[in-house]
Amino acid sequence: MQGKVLFFAQMREQMGAASAAWDLPEGSRVRDLLASLEASHPGIGPLRPHLAVAMNGELVRADTMLAAGAELALLPPVSGG
Amino acid sequence: MQGKVLFFAQMREQMGAASAAWDLPEGSRVRDLLASLEASHPGIGPLRPHLAVAMNGELVRADTMLAAGAELALLPPVSGG
Amino acid sequence: MAELTLAAIDQAALQARAIRADCGAVIVFLGTTRDHHDGRRVLQLAYEAYESMALEALARLEREACERFEVSHCEVTHRLGEVPPTEASVVVVVSAAHRGAAYEASRWVMDELKARVPIWKRERFEDGNSQWVDGTPLR
Amino acid sequence: MAELTLAAIDQAALQARAIRADCGAVIVFLGTTRDHHDGRRVLQLAYEAYESMALEALARLEREACERFEVSHCEVTHRLGEVPPTEASVVVVVSAAHRGAAYEASRWVMDELKARVPIWKRERFEDGNSQWVDGTPLR
């Protein structure tokens, strides 16, 4: 099961990229994606508790199941205005 | 003892003028001026309880003594904005 | 600086003076002429003032706004004479480091202006009649 | 209509759309860039957004403002990219028949915007450093 994940702000800088592909087994959840990213990029550890996650433009919880082809987005605390 | 009195809005229309001279005995108070105006222009009677009065640009009470040469102003309820 | 004007209010100039590098929030309030009142069509509003006293009262509101709230700048211009529908009869510009104080100050200025400034509004209706708008006792 | 723009925000166009003959009050909020933060001199702010989601969130704020408050019109534009000091990073325009609702709606939109719209602000300081501004968890 594959899809795309977008990184913003500090998260983008820690990942060194604005996006990446994800490839995880059927039945994976949002938290599995986060764990796999942290495994390859331990630097995101401190940010992880503060991230919001969107799937296809809607906020989702850590236990939400990933959908095949979904666009995920990892969103640090926001500071617009 | 003489001075000038200004009329605004409904008061100006009732008086048929934007201003008038006043001429009252020493020791006269604001209420004496109002009474003398009402004597000559009974039409202002209904307005009188709602008027504010300024003397030389400061709000004054009905029992304030008139000052020689003062500019009085009779001010209906305001509606700026 | 408080101003009364017979011409259209120069909002751009007011706003340019309010924007400062140490302020994060600017609030511009425009009071505009409505085309209806109590179900009757209003063609035009006209304002008159006891000008010297009204100017002093507006200047006092500007000063008090800066004393009462954490705002850096407050300026009020009121138009006099005829004001066609959709044009501004009053503009209040407030700037502050933080927006909360700016909202509070702007609102306070408008509330106080309605009771503390000797200005009167007359509505002219489509049917040819006109009337002074019910007001608030000056304080 | 909610908008994100890399160019200077067109306040005049926003305001022209907000002024209506049935509205007596228009409030324009401008969030402007401050030149200091925690005692350090800020040379420039830069904003980035998750654009599709941010636009949808701004549009939802506009709609909710009209549902929650007695306002006729609410429009928000947020700038992205570099914003020099004193220029507006965000403009909110609200119009209403009466000013109380306009003040409340404008303030509500700004409060909600800070927590509900995926936009991030980075400050660049005189000393060459830059940092992401401490934010609010998105909700």
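Values reported hereafter were calculated over all heavy atoms of this structure, with side chains retained and with hydrogens, waters and symmetry mates removed. Quick note on labels: first sequence line is chain A, next is B, and so on, each numbered from 1.
At least one side-chain heavy atom of C/Arg34 sits less than 4.5 Å from a side-chain heavy atom of D/His98.
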### Task
Go through the steps for D/Arg107 and C/Arg107 under the test side-chain contact (heavy atoms from CB on, under 4.5 Å), then give the verdict.
CA-CA 11 Å; D/Arg107 193 167 185 167; C/Arg107 192 166 186 167; over 6 Å; no
### Task
Take D/Leu30 and C/Gln15, measure what side-chain contact (heavy atoms from CB on, under 4.5 Å) needs, and give me the verdict at the end.
CA-CA 10 Å; D/Leu30 299 105; C/Gln15 207 173 299; 3.7 Å; yes
### Task
For D/Ile27 and C/Ile27, run side-chain contact (heavy atoms from CB on, under 4.5 Å): C-alpha distance rounded to whole Å, both residues' side-chain angles, the deciding distance at 0.1 Å, then the answer.
CA-CA 7 Å; D/Ile27 291 172; C/Ile27 291 172; 4.0 Å; yes
### Message
For C/Gln11 and D/Gln11: C-alpha separation, side-chain torsions, deciding distance, then whether side-chain contact (heavy atoms from CB on, under 4.5 Å) applies.
### Response
CA-CA 12 Å; C/Gln11 184 195 339; D/Gln11 184 194 340; 3.6 Å; yes
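Contacts with chain C were tallied for D/Ala21, D/Ser89, D/Gly100, D/Ser95; D/Ala21 has the most, counting heavy-atom pairs under 4.5 Å. For the options C/Met110, C/Glu87, C/His36, heavy-atom pairs under 4.5 Å to chain D are most numerous at C/Met110. Contacts with chain D were tallied for C/Ser106, C/Gly31, C/Ala97; C/Ser106 has the most, counting heavy-atom pairs under 4.5 Å.
The OG1 atom of D/Thr86 sits 12.0 Å away from the CZ atom of C/Arg20 when rounded to the nearest 0.5 Å. Between the CZ atom of D/Arg99 and the OG1 atom of C/Thr32 there is a distance of 12.5 Å, given to the nearest 0.5 Å.
With a 4.5 Å cut-off on non-hydrogen atoms, C/Ala12 does not touch chain D at all.
The number of heavy-atom neighbours closer than 6.0 Å to CD of C/Glu70, taken from other residues, nucleotides and ligands shown, is 12 or below. Within 6.0 Å of CG in D/Asp134 there are 12 or fewer heavy atoms belonging to other residues, nucleotides or ligands.
None of C/Val26, C/Val93, C/Val28 except one satisfies the side chain to side chain contact (heavy atoms under 4.5 Å, CB included) rule with D/Val28; the exception is C/Val28.
In this structure, C/Tyr103 contributes its side chain and D/Phe29 its backbone to no donor-acceptor pair below 3.5 Å.
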